[in-house]
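Below: one structure, written as structure tokens.
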Amino acid sequence: GTDGPDRVFRALRVQIAPDRAGLVSGRALESTALDSADVTSGTDTTQLPAQYSPGEVETRRYEGWVEAGYFRADADSEAPPFTIVIPPPNVTGSLHIGHALDHTLIDALVRRRRMQGYNALWLPGMDHAGIATQNVVERELAREGLSRHDLGRAAFIERVWQWKAESGGKILGQMRRLGDSVDWSRERFTMDAGLSRAVQTMFKRLYEDGLIYRAQRIINWCPRCLTALSDIEVEHSDDEGELVSIRYGEGSDQIVVATTRVETMLGDTAVAVHPDDPRYAHLVGREIELPLTGRRIPVVADPHVDPEFGTGAVKVTPAHDPDDFEIGRRHDLPSLVIMDERGVITAGGPFQGLDRFEARPAVLAALRAEGRIVAERRPYLHAVGHCSRCGTTVEPRLSLQWFVKVEPLAKAAGDAVRDGRVRIYPQEMSARYFDWVDDMHDWCISRQLWWGHRIPIWYGPDGEVVCVGPDDEPPLGEGWEQDSDVLDTWFSSGLWPFSTLGWPDDTPDLRSFYPTSVLVTGYDILFFWVARMMLFGLYAMADRGPDDAVPFRQVALHGLVRDQFGKKMSKTRGNTVDPLDWIDRFGADATRFTLARGATPGGDVAVSEDWVAGSRNFCNKLWNAVRFAQLNGAVTGQGVRPSSQLTAPDRWILSRLAAVTAEVDALFEQFEFAKVCDVLYHFAWDEFCDWYLELAKPVLTGTGVTGSDEAAAHATRQVLGEVLDRLLRLIHPLLPFVTEELWTALTGGESVVVARWPGQTADGATDGLPPLPADPAAEAEISALMRLVTEVRRFRSDQGLRPGQQVPARLDGLGATVLAQHEGRIRTLLRLSEPGADFSPSASLHAEGVTIELDTAVGLDVAAERKRLTKDLAAARADIEAVERKLASPSFVERAPAQVVGKNRDRLAAAQAEVARLTERLAALPADGAAVSGTA
RNA sequence: GGGCGCAUAGCUCAGCGGUAGAGCACUCGCCUUACAAGCGAGGGGUCGCAGGUUCGAAACCUGCUGCGCCCACCA
């Protein structure tokens, strides 16, 4: 009573029938026995389909893995830990293609470590994303004609939780589709009770250490979101504005100031000039008239003013400009607030109630009417800050906020990278990190929002301020009230590497899995998130000592996903990609491979549908390689015979696989995902499929092989099985689904997810796979064979001969040797069925290589051949010239490494031989057309 | 305004001191009994420009040009 796909599965195993393969694993036999009905239904119908269909496989496999508990880490394990915490996606929406990239890379790292025998934990979770989520839900409410104030704080928060349940569920579903091997038993959310405890604990510690303080400051304010923003939540862009010069004062007491924000003049409380500026020395200390207001304001001298810029005089608006605020402090000026939290003028008078952008032209007009405008420059490009969430122009605003005193924390965060306790990949990116960490302003952490961690501060009726820890009782009684603000969402994300493991409690998870191993994320949140985790991790976990307090040992940064033209993806551009769409149409593996394949360290990834199709084709290639292996009775689990009993192609492919395995290991350690993909892709496709399988065919089918003996065939079946077995394991971290489907079918093993990695294993893991023998001799032999075959094919193609048509060739030197050893294989590769004839070793063995002889009697094209030979000759001559020039230089011979000189000598000899051979062949060619007689 | 990075085949990119590479696209020939989502062969690049260092430069240095990105309180 099973469904179709399962049948295909068992059928696969049936293919490894004992009579074909000789031996087969017990599991495969069991499977065979389970469903004898299918076995008898005939081999033709029970073969693997010719194409891989990911859809059904992926969901079935994923659920199977979760049920089997493969992704669950064990805090009591003896094995060395490997931990990655997910960069928690915002609950605001769904995962985009950038997440898919991030998850693909993380998953590949985690899966490899798991196979290597590490106690691997990938901890999943999500971020409550304070302002972003609140905005989304508020927008939703707005569609119902409601505002959050209509609901009230408690009901609104309830509503956000509801929203989180839906949206969060969607995200988790997407992660399953991607194949993320996360430990679902450890899923976290930044607003969980446990994490809230961590937030409160952290706040209290910082507060008690004097690292959190409350102060009246000019902060970035979003008049739309109605909250403070931190510096990094402000995005600057060069916007068109106007630079207006206004005359303040009258007669000899006049001074001209320039501003881009005319309307703020209503709040001016001084004019500042440079102390050494002779032009205005006489005015310093005097009061002049401020237009439109009837107020008189002082002229002060402040070194901040640049006498070179504009008129050298600055209007000072302490309540609405951070610089001016500082000047105001230095000169004890009053701060006059002329705007409310929505950016509406509250200064009274004719401008009362105007929005800041309406007030600007209105004030300008009024000034002009009084003849106060000296000059106007427009358009005037200058940097303007915008809210990173909604794009609204940020308004500097004087208000009472909570801040983290960053300096001591940032110093430690910088040092951890400087002295190598945390390594950033690629290293060049650490420069950016230092730029920021070494020059960080205090961090404004209070937000005037409802969705988030409430600031754990209570104010008493008599001005008392009490910080309430998670285990403290909040002060009760008349007049006590909790601060109404919430914390910046990055406050809780900064705790993520340890709050998720149980901190502040000393849990087994925290002991086992902290510090985490690698942090994988896009360079775009290096400042937002990575730096904050460094700040907080080093502080909170300081009792572990400097080495183990770090939140992660390595930071692997990747880039942004871009479209096929390298353009940034954006909704307005309409070039965004939904990862689910690609997964539906091409499969999760193809989607993952496409992303991984472009992932150079720190580099952006350009993708398009064509590339995904290419990756899908690769999956299909693997599928068919296994199909081939099945049909030919590949054997796994037996290892391979000693080299002396193997054919050259067998030894060659094993040797190559050994090299590839080592290469892949080294590349993974450097987070060179693109190269890992490249190496595996070319090994699997070019070397294994295009050459090895073709070479194995005659052995396996017993045709065309000298002696065609069964022992050799069995040895090759073992090699075929062994190579595919290991290859699938190597690719599994990148293509988890196909490899699982194929590996279990091929080997009868339980799951490749928990199969042992073919390369390096964790310290203490004793059951690694034995290393494969390197065999340089076999590699040389087979590459000679490849050259020979390629040369003949090229000739055939040049001459327009049909495949399989006899080629009149003479083999010299190595060519002859290769042919003598591999004639059967070569005949198969060249589709030459008849033995002997025009294709045989020649008696003339004057040099290495192949000589193809034109037989005009059968109508071969002399002109084409002459063209080819001439071209090759020119290339060879150019080569000689270049190398000779090099070798003629005494300084080259003296100074270049001996190896390089030797290589060049070899190259020269080879090129000279080539020229001789080509010259001879050219001379031997009949005149064009002349020899083609009527007898052809 | 400051800092960083990039300019290599039609497109996207790798190579970063010793014979110019990949994928896709393109041309030609093939339904070869694993795969036409395939097989075989091929064309295509004075490595942005100008100097310099070196026996040797796509790679190192300088300048220029053209693009990105990050940071930023110059009114």
Side-chain angles (χ1 to χ4, degrees), chain A residues 47-48 50-52 218 231-232 236 243 257-261 272 304-306 308-311 313-317 321-326 382-383 385 396 428-429 431-432 435-436 439 523-524 526-527 560 562-566 568 586 597-598 600 602-608 610-611 613-632 674-675 678 681-682 689-690 693-694 697 701 789-790 793-798 800-804 828-829 831 878-879 882-883 885-897 899-901 903-904 907 911:
Chain A
Q47 288 171 7
L48 274 181
Q51 284 183 2
Y52 170 55
I218 296 264
D231 288 348
I232 52 175
H236 296 267
L243 184 65
V257 298
T259 182
T260 54
R261 302 209 49 205
H304 169 80
V305 179
D306 176 4
E308 305 294 315
F309 187 92
T311 60
V314 189
K315 62 191 272 306
V316 182
T317 324
D321 182 280
D323 282 336
D324 294 3
F325 181 74
E326 292 303 317
H382 67 300
E428 306 88 80
M429 289 280 182
R432 279 195 196 186
D435 280 351
W436 194 72
D439 184 30
Y523 59 71
D524 54 329
L526 187 62
F527 304 140
L560 272 33
R562 293 169 177 275
D563 73 8
Q564 59 195 305
F565 305 112
K568 209 166 173 172
F586 300 101
R597 214 176 171 185
T600 72
D604 290 346
V605 183
V607 293
S608 83
D610 285 350
W611 320 57
S615 302
R616 186 242 355 236
N617 295 355
F618 180 53
C619 296
N620 194 233
K621 193 69 182 173
L622 294 173
W623 180 264
N624 273 286
V626 172
R627 196 158 88 107
F628 173 87
Q630 295 284 0
L631 294 171
N632 286 282
K675 286 181 187 166
D678 193 59
Y681 181 92
H682 285 109
C689 289
D690 286 350
L693 293 188
E694 294 304 322
K697 275 178 185 173
T701 56
V789 170
T790 302
R793 282 171 176 167
R794 187 168 81 159
F795 177 81
R796 206 142 62 177
S797 187
D798 281 354
L801 299 178
R802 295 181 56 76
T828 309
L829 291 173
R831 318 244 160 238
D879 214 29
V883 180
R885 198 180 319 121
K886 205 182 265 191
L887 288 168
S889 154
S891 38
F892 170 72
V893 181
E894 282 161 29
R895 295 200 210 168
Q899 217 182 343
V900 174
V901 177
K903 257 168 75 178
N904 277 278
R907 191 176 141 203

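Lettering of chains follows the sequences in order, A, B, ..., and the numbering in each one begins at 1.
The shortest non-hydrogen separation linking A/Y52 to A/C619 is CD2-CB, 4.1 Å. Nearest heavy atoms, A/L560 versus A/K568: CD2-CE, 4.1 Å.
In terms of position on RNA chain B, the residue among A/N624 and A/A431 whose nearest nucleotide sits closer to the 5' end is A/A431. Taking for each of A/N620 and A/T311 the nucleotide of RNA chain B with the nearest heavy atom, the 5'-most of the two is the partner of A/N620.
Comparing B/U62 with B/C26, their C1' atoms sit 40 Å apart, to the nearest whole Å. The P atoms of B/U65 and B/C49 are separated by 16 Å, rounded to the nearest whole Å. Taking the C1' atom of each, B/C73 and B/C13 are spaced 40 Å apart, rounded to whole Å. Comparing the same atom, P, in B/G42 and in B/A14 gives a spacing of 27 Å after rounding to whole Å. Going from the P atom of B/G63 to that of B/G3 covers 12 Å, rounded to whole Å. B/A58 sits 14 Å from B/A9 when the C1' atoms are compared, rounded to a whole Å. Taking atom P on both B/C39 and B/A34, the two are 13 Å apart, rounded to the nearest angstrom. If you take atom C1' in B/G48 and the same atom in B/C24, they sit 24 Å apart, rounded to whole Å.
When both pairing distances are held under 3.5 Å, B/A22 makes a Watson-Crick or G-U pair with B/U12. Figure legend. B/U46 is base-paired to no nucleotide; pairs are counted as Watson-Crick or G-U wobble with both atom distances under 3.5 Å. Look at B/G2: its Watson-Crick or wobble partner, with both distances under 3.5 angstrom, is B/C70. With both pairing distances under 3.5 Å, B/A7 is matched to B/U65 as a Watson-Crick or G-U wobble pair. Nucleotide B/U53 has no partner under the Watson-Crick or G-U criteria, as no pair reaches both atom distances under 3.5 Å. B/C39 is paired with B/G29 under the Watson-Crick or G-U wobble criterion, all donor-acceptor distances under 3.5 Å. The nucleotide B/A34 finds no pairing partner, because no Watson-Crick or G-U wobble arrangement with both distances shorter than 3.5 Å includes it.
The nearest whole Å value for the distance from the CD atom in A/Q899 to the C1' atom in B/U19 is 15 Å. A straight line from OH of A/Y52 to P of B/A37 spans 18 Å, rounded to a whole angstrom. For the pair A/D798 CG and B/U27 C1', the computed distance is 14 Å after rounding to whole Å. Remark: P of B/A37 and CZ of A/F618 are 18 Å apart, rounded to the nearest angstrom. Taking atom CH2 of A/W436 as the reference point, atom C1' of B/C4 lies 18 Å away to the nearest angstrom. The interatomic distance linking A/L560 (CG) with B/C13 (C1') rounds to 16 Å, in whole Å. Rounded to whole Å, atom P of B/U54 lies 15 Å from atom CD of A/E894. One interatomic measurement links the two molecules: CG of A/L622 to C1' of B/A37, which rounds to 13 Å at whole-angstrom precision.
Across all strands shown, A/C689 has heavy atoms under 4.0 Å from base atoms, whether or not it also approaches the sugar-phosphate. Among the atoms of the strands shown, base atoms are found under 4.0 Å from some heavy atom of A/P897. Residue contacts shown for A/D690 are limited to sugar-phosphate atoms, with no base heavy atom under 4.0 Å away. Counting non-hydrogen atoms under 4.0 angstrom, A/A625 reaches a base of the nucleic acid. Nucleic acid contact for A/K903: none, since no nucleic acid atom lies under 4.0 Å from a heavy atom of the residue. Across all strands, A/S608 comes closer than 4.0 Å to no nucleic acid atom at all (heavy-atom distances).
Residue A/H236 places at least one side-chain N or O under 4.0 Å from the OP1 or OP2 atom of B/C73. Applying the 4.0 Å criterion to OP1 and OP2 of B/U33, one finds that A/K697 has every side-chain N and O outside that range. Within the 4.0 Å cut-off from OP1 or OP2 of B/U19, not a single side-chain nitrogen or oxygen of A/N904 is found.
If you check B/C35, B/C71, B/C55 against the side chain of A/K621, the one that comes closest is B/C35. Out of B/C73, B/G42, B/C35, the shortest distance to the side chain of A/R794 is found at B/G42. The listed nucleotides are B/G15, B/C24, B/A41; the one nearest the side chain of A/D610 is B/C24. Looking at the side chain of A/R895, the nearest of the listed nucleotides B/C73, B/C55, B/G18 is B/C55. The side chain of A/D678 approaches B/A22 more closely than any other nucleotide in the set B/A72, B/A22, B/C55. In the set B/U12, B/C69, B/G38, the nucleotide with an atom closest to the side chain of A/R432 is B/C69. Residue A/F565 has its side chain nearest to B/C11 when only B/A72, B/A34, B/C11 are considered. Taking every side-chain heavy atom of A/F628 into account, B/A34 is the closest of B/G15, B/G38, B/A34. Of all nucleotides listed (B/C55, B/G18, B/G23), B/G23 comes nearest to the side chain of A/Y681. Side-chain atoms of A/H682 lie closest to B/G23 of the nucleotides B/A75, B/G23, B/C55.
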Query raised in the report: side-chain contact (heavy atoms from CB on, under 4.5 Å) between A/L829 and A/R793: does it pass, once the steps are laid out?
Result: CA-CA 10 Å; A/L829 291 173; A/R793 282 171 176 167; 4.2 Å; yes

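One finds the CH2 atom of A/W611 at 9.0 Å from the CZ atom of A/R597 (value rounded to the nearest 0.5 Å).
Taking the six-membered ring where tryptophan is involved, the planes of A/F527 and A/W436 are essentially parallel, since the angle between them stays under 30° and well short of 60°.
Distance alone, capped at 3.5 Å, places no donor-acceptor pair between the A/S889 side chain and the A/R885 backbone. No donor-acceptor pair closer than 3.5 Å links the side chain of A/N624 to the backbone N or O of A/Q51. When atom types are taken as modelled, the side chain of A/N904 and the backbone of A/V900 share a donor-acceptor pair closer than 3.5 angstrom.
Side chain A/R616 to base B/A37: a donor-acceptor pair is found below 3.5 Å. The base of B/A34 lies close enough to the side chain of A/E694 for a donor and an acceptor atom to sit less than 3.5 Å apart.
A/V314 places none of its side-chain heavy atoms less than 4.5 Å from the side chain of A/T259.
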